Amino acid sequence: MDTSELNDQKIRRKEELQHLEKIGINPFPYNFNKTHSAKEILDNFQDEQPEKFQNVCVAGRIMTFRRMGKATFCDIQDESGRIQIYFRKNELEDTYELLKYLDIGDIIGVEGFVFRTKMGEITVHAKKYEILCKSLTPIPVPKIEVDESGNKIIHDQFSDKELRYRRRYVDLIVNPDIKYVFRTRAKIISYIRNYFDARGWLEVETPILQPIYGGATARPFITHHNALDIDLYLRIADELYLKRLIVGGFEGVYEISKNFRNEGMDRMHNPEFTALEIYVAYKDYFWVMEMVEDLLNSLVVNLFGSETITYNDKQISFRKPFERKKMFDLFKEYLNENVIDKTESELVSIAKKHELEIPNNLSKAKILDEIFSEIVQPNLIQPTFVTDYPIEMSPLAKKHRSEKGLVERFELFVNGFEIANAFSELNDPRDQRERFEEQARLRAKGDEEAMIIDEDFLYALEVGMPPTGGLGIGIDRLVMLLTNQKSIRDVILFPQMRPESPQ
RNA sequence: GACCCUGUAGCUCAGGGGUAGAGCACCUGACUUUUAAUCAGGGGGUCGCAGGUUCGAUUCCUGCCAGGGUCACCA
């Protein structure tokens with residue numbers, strides 16, 4: 001680091017560090033034998049049995065200091081929470097003087113016994129302590145002041161969103177409550193994995209670097225392989241590879257996949273995001289509906305002990321069965337129109353009646369999609385399966401067994417979010433080729449997101465894929481929903497940011 | 001990509017054409033059960049960056065950079 005950037009606080013900390021080294025103390029030692037977390041002590045200490053905690057070793061980051069001459073209190077924070085430490089000069093002798101070389105942010109290890117102070121706080125009375133890491137740059141430490149009328153005044157709150165995302169490590173220290181979101185995220189993923197594994201479905205890994213991207217309509221990131229001298233695409237979805245594995249004879253495969261889409265960023269979108277896809281042989285979309293219903297119901301019960309969650313003051317119930325509605329019935333319900341036989345221009349004028357401007361030259365599928373997501377989707381708060389989509393919107397889904405022009409597809413909406421997308425998978429290679437060709441025509445007309453023909457995938461379908469039910473779940477949005485977060489950036493540890501420009 | 005808002009101390013913010021303010025954090029001293037510790041002193045800023053207007057710009061204007069929000073595209 002350029003020393004001209006050092007402010008007075010950094011300079012002082014560096015001097016403290018050098019002093020510690022000069023007197024033979026390693027400010028960056030190798031290990032510490034921690035015996036208890038803060039939470040274990042706070043939860044289990046009993047005043048009538050203090051002997052159980054006669055000798056504990058705790059470690060954590062110093063978050064507050066209250067120095068009172070010959071006695072000092074500080075709070076240290078470990079992963080489980082905070083605990084107060086008490087130091088006395090007459091017991092620590094020389095090392096007491098060294099406390100003045102410690103700062104908020106330093107990590108220390110303390111050996112001592114647990115007691116309760118006059119004010120009632122469970123505290124570790126230090127017999128000895130050692131520095132485990134000297135912190136050379138100050139962190140903001142919020143202090144909550146309560147005034148006479150009981151209002152909370154928070155000083156030093158670390159609330160700047162840019163800094164919180166860029167320096168997530170500081171955010172985690174200073175706003176430890178957010179750890180809950182990431183713990184819950186891990187629990188959700190591990191629950192889903194266990195659920196699938198228990199049913200014998202195989203977790204697989206498929207290529208992130210793909211010569212032909214597919215499985216979704218989106219613009220890709222492009223990269224280059226030097227040795228082969230070819231462009232490769234970061235995957236936008238793993239669907240076509242998972243289906244190849246069903247062709248290969250695995251009867252249930254799933255992948256928890258980082259996907260990459262070169263599109264806008266906002267509250268609901270990050271350029272890289274996590275999707276779950278699963279394909280099970282011999283099943284159709286009705287079976288998938290019941291599976292995802294059971295998966296989400298049992299997940300929510302497992303996490304919260306209840307079928308009901310709260311998102312943004314709304315109660316959302318995951319009680320089975322979820323509502324099931326055909327897409328065209330929803331159009332009827334919200335537009336009072338039967339849109340199934342309408343032309344493009346008729347649809348545009350219907351949209352206008354509902355104060356929705358549709359850009360020119362959109363295909364019928366895109367217009368319907370637009371109307372649906374603007375007018376219908378925001379109303380789907382309780383878990384709702386929307387079924388039976390127009391064929392043009394779903395080039396990888398199998399034609400509906402009885403409804404002309406539709407496919408066997410559903411999406412699950414909760415709180416207006418699209419959580420899951422599923423099909424009876426298209427396995428007729430002739431039909432699949434026609435759908436790809438239609439996509440190619442759209443692409444030629446300028447639709448940059450239309451799919452590319454994947455000849456190898458068609459070859460695989462010619463080899464033969466059994467009837468298959470497939471499902472995709474947007475993990476980030478599911479986590480948002482289940483942790484009551486309003487931005488995708490709040491459920492991704494390191495969300496994408498514009499790089500900081502060197503000023 | 002378009003529009004709106006924002007950028008001042010380590011953090012959160014106020015201010016305003018004439019030597020830059022608060023709370024917390026930091027430093028010195030006092031204090032052996034404090035917890036917003038308290039008390040007495042003190043230091044710390046290229047006011048996002050670059051131009052322009054002006055006797056003088058952190059303040060006004062323009063451009064750029066960064067962030068947030070809304071819209072567009074999308075999941």
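First the proteins, then the strands, lettered A, B, ... as listed; each starts at 1. In this text, all values refer to a predicted model and were calculated from it rather than measured experimentally.
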Considering every strand shown, what is the Watson-Crick or G-U wobble mate of [N] when both distances are under 3.5 Å?
N: B:C31; result: none
N: B:U46; result: none
N: B:G23; result: B:C11
N: B:A57; result: none

Given 3.5 Å as the limit, does a donor-acceptor pair link the side chain of A:R168 with the main chain of A:I492, or not?
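Yes.
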With distance as the sole test, does A:R185 use its side chain to make a donor-acceptor pair with the main-chain N or O of A:D476 at under 3.5 Å?
no
To the nearest Å, how far apart are [X] [atom1] and [N] [atom2]?
X: A:D106; N: B:C26; atom1: CG; atom2: P; result: 11 Å
X: A:M68; N: B:A36; atom1: CE; atom2: P; result: 13 Å
X: A:I83; N: B:U33; atom1: CD1; atom2: P; result: 19 Å
X: A:R67; N: B:U38; atom1: CZ; atom2: P; result: 15 Å
X: A:F87; N: B:U32; atom1: CZ; atom2: C1'; result: 14 Å
X: A:I104; N: B:A36; atom1: CD1; atom2: P; result: 14 Å
X: A:D103; N: B:U28; atom1: CG; atom2: P; result: 10 Å
X: A:I85; N: B:U34; atom1: CD1; atom2: C1'; result: 14 Å

Quantified in whole Å, what is the [atom1] atom distance between nucleotide [N] and nucleotide [M]?
N: B:A20; M: B:U34; atom1: P; result: 43 Å
N: B:A22; M: B:G44; atom1: P; result: 13 Å
N: B:U32; M: B:U46; atom1: P; result: 40 Å
N: B:G29; M: B:G43; atom1: C1'; result: 15 Å
N: B:G67; M: B:U28; atom1: P; result: 38 Å
N: B:U38; M: B:G56; atom1: C1'; result: 46 Å
N: B:U53; M: B:C61; atom1: C1'; result: 7 Å
N: B:G45; M: B:A9; atom1: P; result: 11 Å

Are A:Y311 and A:F417 close enough that their ring centers fall under 6.0 Å?
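Ring centres of A:F417 and A:Y311 closer than 6.0 Å.
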Compute the ring centroids of A:F413 and A:F372, then answer whether they are less than 6.0 Å apart.
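Ring-ring flag for A:F413/A:F372: true, centres closer than 6.0 Å.
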Which nucleotide in the list [options] gets nearest to the side chain of [X]?
X: A:K70; options: B:C31, B:U33, B:U34; value: B:C31
X: A:M119; options: B:U34, B:A75, B:U32; value: B:U34
X: A:K118; options: B:U35, B:C73, B:U33; value: B:U33
X: A:E263; options: B:U32, B:G10, B:C73; value: B:C73
X: A:R12; options: B:A75, B:C26, B:U35; value: B:C26
X: A:T217; options: B:A75, B:U33, B:U34; value: B:A75

Any N or O donor-acceptor pair linking the side chain of A:T64 to the base of B:U35 at under 3.5 Å?
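Answer is no: no donor-acceptor pair is held.
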Tell whether A:E121 reaches the base of B:U34 with its side chain through a donor-acceptor pair below 3.5 angstrom.
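Result: no qualifying N/O pair found.
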Classify the nucleic acid contact of [X] as base, sugar-phosphate or nothing, counting any heavy atom under 4.0 Å across all strands shown.
X: A:N90; result: base
X: A:F273; result: base
X: A:R477; result: base
X: A:K89; result: nothing
X: A:N270; result: base

Start at the 5' end of RNA chain B and walk down; is the nucleotide closest to A:A218 or to A:S487 reached first?
A:S487
Considering heavy-atom distances to RNA chain B, does A:E272 or A:E16 have its closest nucleotide positioned more toward the 5' end?
A:E16
More than 12 heavy atoms of other groups within 6.0 Å of A:E205 CD:
no
Will you find, in the side chains of A:Y279 and A:E277, an N or O donor that is under 3.5 Å from an N or O acceptor?
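There is such a pair (donor and acceptor under 3.5 Å, judged by atom type) between the side chains of A:Y279 and A:E277.
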For residues A:Y389 and A:D369, is any side-chain donor paired with an opposing acceptor at under 3.5 Å?
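On atom types as modelled, these side chains do not qualify, holding no pair under 3.5 Å.
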SB check A:D75 A:R66 (cutoff 4.0 Å)
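A salt bridge links A:D75 with A:R66.
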Phosphate-side-chain proximity, A:R82 and B:U35, N/O vs OP1/OP2 below 4.0 Å
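So the side chain of A:R82 is outside the cut-off, no N or O lying under 4.0 Å from OP1 or OP2 of B:U35.
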